[in-house]
Amino acid sequence: MKKKIAFSLQNNLDELETLRHKVEQYGVTNGLPDKTVFELNLILDELFTNIVTCGYRDRNVHWVNITISIEKNLLAICVEDDGTPFNPVAVKEPDVGCSIEKRQIGGLGIHLIRHMTDSISYRRLEDRNVITMTKIL
Amino acid sequence: MKKKIAFSLQNNLDELETLRHKVEQYGVTNGLPDKTVFELNLILDELFTNIVTCGYRDRNVHWVNITISIEKNLLAICVEDDGTPFNPVAVKEPDVGCSIEKRQIGGLGIHLIRHMTDSISYRRLEDRNVITMTKIL
Amino acid sequence: MEITEKKQDSITILQVSGRLDSRTSTELEEKLNQAITDGENRLIIDFEDLSYISSAGLRVILKTAKMMKKNDGMLILCAMQDYVREVFEISGFDAFLPITTTSDDALCQINPG
Amino acid sequence: MEITEKKQDSITILQVSGRLDSRTSTELEEKLNQAITDGENRLIIDFEDLSYISSAGLRVILKTAKMMKKNDGMLILCAMQDYVREVFEISGFDAFLPITTTSDDALCQINPG
Ligand SMILES: Nc1ncnc2c1ncn2[C@@H]1O[C@H](COP(=O)(O)OP(=O)(O)O)[C@@H](O)[C@H]1O
Ligand SMILES: Nc1ncnc2c1ncn2[C@@H]1O[C@H](COP(=O)(O)OP(=O)(O)O)[C@@H](O)[C@H]1O
């Protein structure tokens with residue numbers, strides 16, 4: 001069993017297809033339930049999409065590094081990018097209980113990640129953002 | 001004397017040239033010191049650049065509305081956009097006193113705005129971000 | 001993602017299949033804006049064959065729901081798969097958006113009588 | 001923004017004029033990256049004719065300064081106009097970057113002896 005994978009994506013939304021294939025493959029190899037595969041894909045999609053759309057101030061190609069591993073009943077997920085410093089842990093929760101008129105368009109990406117993981121931590125290492133998450137299987 | 005102007009810029013960095021011309025013209029019309037014109041341009045540039053680079057999740061054309069006015073010795077500046085909800089007042093100050101090795105690349109835009117204005121306030125009105133600033137002349 | 005448009009009992013139904021994410025959401029947004037511009041103020045989105053949705057998809061749905069509300073119109077979503085539905089629930093969208101189990105239920109609700 | 005490259009006492013001097021902002025900073029970044037790739041580890045940037053700088057410009061300068069530092073190199077900025085200098089000071093860059101009044105001062109400092 002291949003319990004750990006590491007891969008890199010370019011800062012381009014088309015890479016979401018690569019992400020999807022990697023995650024699905026990982027799910028099959030490790031016999032993960034469909035629901036876990038769906039959520040793992042969503043967590044990584046949200047972080048990756050944010051990095052691509054908000055993280056860079058130049059027009060260069062950048063690489064986002066992703067690793068996924070399983071240790072006992074814990075899924076460990078790590079996303080690393082060289083974009084502008086950004087700490088998702090510090091982001092305020094959106095109000096998801098209000099009327100449609102008051103409901104804000106946006107701010108749901110990090111909200112979804114929080115709900116689908118069991119821990120999130122952030123470090124800035126040299127000039128890189130490193131986000132580590134765990135999810136109980 | 002034309003103490004108030006209002007104009008709109010498309011979400012495209014090339015509009016920084018339009019911004020510059022508007023601000024310089026306004027400075028000449030109202031006899032503002034060069035330093036004020038420089039700072040006014042910088043404040044608006046930083047907000048506008050952030051909106052263009054981080055504010056939108058689609059590829060459509062959006063308009064950013066800017067008004068500048070003078071009331072007695074107070075310059076009032078307002079920037080309004082229909083991007084994702086974002087409150088610049090809530091952003092943490094970067095550490096600007098550390099060594100070059102520790103110094104983070106990024107987070108300076110809002111820092112500069114804070115230093116060059118005397119008040120900043122943020123409201124979310126319907127689906128728009130409205131940032132109002134004042135600067136004592 | 002693929003979008004198929006059909007009319008039933010004079011109501012427009014958009015069947016959205018595949019993956020609705022930041023890569024594809026613009027296409028759905030354009031389609032929905034077009035429908036609203038064309039004067040539709042009752043719409044059903046059928047998610048039966050939607051296998052994936054991210055916050056980019058939610059964004060488009062919320063925008064559309066807000067516009068419909070302003071026009072005194074109605075937007076109903078139907079036939080969501082479990083994981084997709086969970087995303088709507090975590091985001092609290094089920095509080096203000098009618099989500100029905102089948103497209104027939106949606107038609108009944110939108111076209112009473 | 002315009003960039004002119006010249007050599008003096010075997011030191012590369014980049015004269016940057018006009019406006020350094022989010023529209024133009026990529027061009028400067030490319031030029032600086034090229035210089036570093038070419039093996040330059042002592043560089044002077046002459047800002048005498050720079051009339052404007054935003055945080056996008058600071059970003060490129062900081063990135064370059066960090067790379068030079070790693071290579072045990074040296075980056076000196078010189079001849080800034082008052083308003084430009086103020087932006088560097090507010091950002092605390094004057095604490096770790098040598099900023100001299102004239103390009104001759106910069107040459108003396110980078111090429112002692
Ligand atoms: N990688 C990133 N770099 C910089 N800013 C980010 C990054 N990811 C998220 N953000 C900031 O966090 C905010 C909230 O993100 P999110 O919850 O995904 O919602 P949305 O992007 O829809 O507003 C963004 O609007 C942006 O200001
Ligand atoms: N209009 C905006 N929409 C969404 N997020 C924004 C916006 N403006 C700024 N931000 C967020 O605030 C952060 C800090 O902005 P700033 O101080 O200009 O520094 P930088 O953009 O260099 O990181 C950005 O990285 C982004 O996460």
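In what follows, chains are A, B, ... by sequence order, proteins preceding strands, each numbered from 1. Keep in mind that the numbers below use all heavy atoms, side chains included, and drop hydrogens, waters and symmetry copies.
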Give a yes or no on whether [X] atom [atom1] has more than 12 heavy-atom contacts from other residues, nucleotides or ligands under 6.0 Å away.
X	atom1	result
A:E17	CD	yes
A:Q10	CD	yes
A:K22	NZ	no
A:K102	NZ	no

A:D58 CG to D:N33 CG distance, which is reported to the nearest 0.5 Å: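 Between atom CG of A:D58 and atom CG of D:N33 there are 9.0 Å.
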Side chains of D:R59 and A:T84 in contact at under 4.5 Å (non-hydrogen atoms):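 The answer is yes; the side chains approach within 4.5 Å.
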Determine whether D:K63 and A:D127 satisfy the following criterion, side chain to side chain contact (heavy atoms under 4.5 Å, CB included), listing intermediate values before the conclusion. CA-CA 9 Å; D:K63 254 185 155 166; A:D127 300 324; over 6 Å; no
Which atom names give the shortest non-hydrogen contact between D:K70 and A:E126, and what distance separates them?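 Shortest heavy-atom contact: NZ-OE1, 3.4 Å.
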